[in-house]
Amino acid sequence: MKDHFKELLLTAYKQLQQQGLIPDDLESSIKIDNTRNSAHGDFACNMALALAKKIGMNPRELAQRIVDSLPPSDSIAKVEIAGPGFINAFLKQGAQQQVIAEILRQKQDYGRCKAGTKHKIHLEFVSANPTGPLHVGHGRGAAYGATLANLLTAAGHPVHREYYVNDAGRQMDILAVSVWLRYLDLCGEEVIFPTNGYQGDYIWDIAASLHREHAEKFLHPFDTVYANVPADGPDGDKEAHIDALIANCRSLLTEEEYRTVFSQGLTEITANIRQDLEEFGVHYDEWFAESSLVESGQVDEVIDSLQRAGHLYEKNGAVWFRSSALGDEKDRVVIRENGLKTYLATDIAYHANKLKRGYDEIIDIWGADHHGYVPRVKASMQALGLDDSKLEVLLVQFAILYRGGEKAQMSTRAGEFVSLRQLRHEVGNDAARFFYVLRKCEQHMDFDLDLAKSQSKDNPVYYIQYAHARVCSVLQKLQQKDMEYDEAQGLENLGLLDTDYEQALVIRLAQYPEQLLRAAQAREPHQLAYYLRELANEFHTYYNAKDVKKILDEEDERRNARLCLSLAVRQVIANGLELLGVSAPESM
RNA sequence: GCGCCCGUAGCUCAAUUGGAUAGAGUACUUGGCUUCGAACCAAGUGGUUAGAGGUUCGAGUCCUCUCGGGCGUGCCA
């Protein structure tokens, strides 16, 4: 219907164009908005305001000329010029009612983009290091990413969801050593645990299964483990301390033994993360291993091409990437003095790999603390001759946790965090998914745990679910009353839906597809959440309205028309909740 | 110091991406269940959009500065 109005305006535009009143290259200035205020009609267009200045004409006068040129329409009751020059259209009552039939016909497909598109999107999100369980900060990225993936899919894009598993590099060695030290402790050695090791309880569990399966196979006396290890922090250098421990670990254990300890940690934690996400309704098409980039030589390959293209140089024994020449603040090390490649080196290879897989767009969802990383990755893409405009990085701000009115710390290494699993169990998956997605991602988020727990019933997700359950309940009542639901009769009598409540609902339902598209394009899932809240609100109002009395009216025609409307509402709520990863219960 | 993000009702957040009188939830005050579920509805109180300039028909939104908060500024990942 909105498109219909736009067509009319376009016709008028072309007519005025022929009269030489306006130039012919400004058709894109025709933009139709839904009005916020019903006094402004159903749709508003600001084209006269936008064009007036360019052609040196009074906006209201121009608006009048446009309106005079509008072709007649069966569905528009009147067109008004308001304010500084808005063109407002008022639809005839019932003009949009056919959307009910559309919804009931398309069911779960209503709102989804039917045309489809060839624009393929790669979406990487969460990608937390497999060094510990997910915490509530990761939960935000998970809920946001999963919902965005659903929205993009609904908008017609083929979406590839990927988790980048950082199973290579120094952090993983630190994990292996942490496991090994706890294991030595279980073997009876008196171990002083390094401050930079992973201190969470889950390390004990992994060490315990290692001990269970391999007994004392990896046991070495404490003094050999700590031989020639420099002092730990705070007085010593904690980084050098843990690096020396890693070196000792690798020399005391055979390569195969080290791999065993290493994998024990990696596989247990990865499996844990995977299960956690699955339970949270967050699914992936691919779990991409960082180690595969190293082993297949892709990291060496990109470093070679950077070298050949003259983007690398040596300084202080390290190899640097001249990223400052491509928009970064400063140059970055890709190979450390000790010969190890940095995280950036593998990440350059990873992004090159993604692009070579043939996606039209690559979306990375990162924690906001990585924002400084964007310029250097983009620089690397340019340096490799890749199109860096295909990379879109969405930064999700931190969820700041409050417990008992105080900020709670979140450090994986110190083992002090609230896990995502804990949160899910405390407030439930539905509430957690919804809560996370209720704010836009660049908004800092205060997450009061006590509030989330104690007031989980006040979470707006229940409000929406309740509207869905209510329609189901009406249907049950229908059966109890031995009444029949005749969809065909209802659809024939949509004209009986003449109250303001019903009109408002119909308009809201008709807006769903464009809302979905807008949310996907803006990468803003919260728009869908707010839309559903509005829809639920309008249904609850309708249901309670004194002047409507009952949906289950005595009169067959009216009852069936109302049931059609109610079922359409239920369908759209179910469709929306599905995209949000929230269940749509039939009773609560 | 420099860079990025943010600042909207007592609290938590929206605002159709530059549109018309800045809206919801929560809290507080009031009214509504003799049966389609009250996990609901209706009404009210609550604002110098941190502050000051600027851009234009029009600014919470864009630009500049100031104040306040978060993050970053590693040969960590």
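Since the structure is predicted, the reported quantities are computational estimates derived from the model, not experimental observations. A, B, ... follow the sequence lines: proteins, then strands. Residue 1 opens every chain.
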| How would nucleotides 39-45 of chain B be written as a contact map, 5' to 3', with B for base contact, S for sugar-phosphate-only contact and - for no contact, using protein heavy atoms under 4.0 Å? | BBSS---

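Using cut-offs of 30° and 60° for the angle between ring planes, the A:Phe288 and A:Tyr350 rings count as tilted. Relative orientation of the A:Tyr313 and A:Trp320 rings is parallel, given thresholds of 30° and 60° on the angle between their planes.
Comparing B:G19, B:C36, B:C75 by their closest approach to the side chain of A:Leu49 singles out B:G19. Between B:C71, B:A77, B:C36, one nucleotide has an atom nearer to the side chain of A:Lys550 than all others, and that is B:C36. Of the candidate nucleotides B:G37, B:U17, B:A77, B:G37 has the atom nearest to the side chain of A:Ser473. Looking at the side chain of A:Glu524, the nearest of the listed nucleotides B:G72, B:A15, B:A77 is B:A15.
No engagement by A:Ala467 is indicated, since no non-hydrogen atom pair under 4.0 Å with the nucleic acid exists. If you check every strand for non-hydrogen atoms under 4.0 Å, A:Gln527 touches a base. Residue-level contact check: A:Asn88 touches the bases, meaning some heavy atom is under 4.0 Å from a base atom. Residue contacts shown for A:Glu337 include a base, since a base heavy atom lies under 4.0 Å away.
For B:G72, its base never sits under 3.5 Å from the side chain of A:His370 at any donor and acceptor pair. Judged by distance alone, with hydrogens and angles left aside, A:His371 brings a side-chain donor or acceptor within reach of the base of B:C71, the pair sitting under 3.5 Å. Below the 3.5 angstrom threshold, one finds no donor paired with an acceptor across the side chain of A:Gln480 and the base of B:U35.
Taking 90° from 0 as the syn/anti boundary, the base of B:U66 is oriented anti.
Centre separation under 5.5 Å together with a plane angle under 30° does not hold for the ring of A:His526 and the six-membered base ring of B:A14, so they are not marked as stacked. Put simply, A:Phe86 rests on the base of B:A20: the two rings are less than 5.5 Å apart at their centres and nearly parallel, under 30°.
Within the structure, a side-chain polar atom (N or O) of A:Lys330 is placed less than 4.0 Å from OP1 or OP2 of B:G74. Dashed line: the shortest gap from a side-chain N or O of A:Lys31 to OP1 or OP2 of B:U17 is under 4.0 Å.
On the C1' atoms, B:G53 is 16 Å away from B:U48, given to the nearest whole Å.
Counting heavy atoms from C-beta outward, A:Val461 and A:Phe435 have side chains that stay 4.5 Å or more apart.
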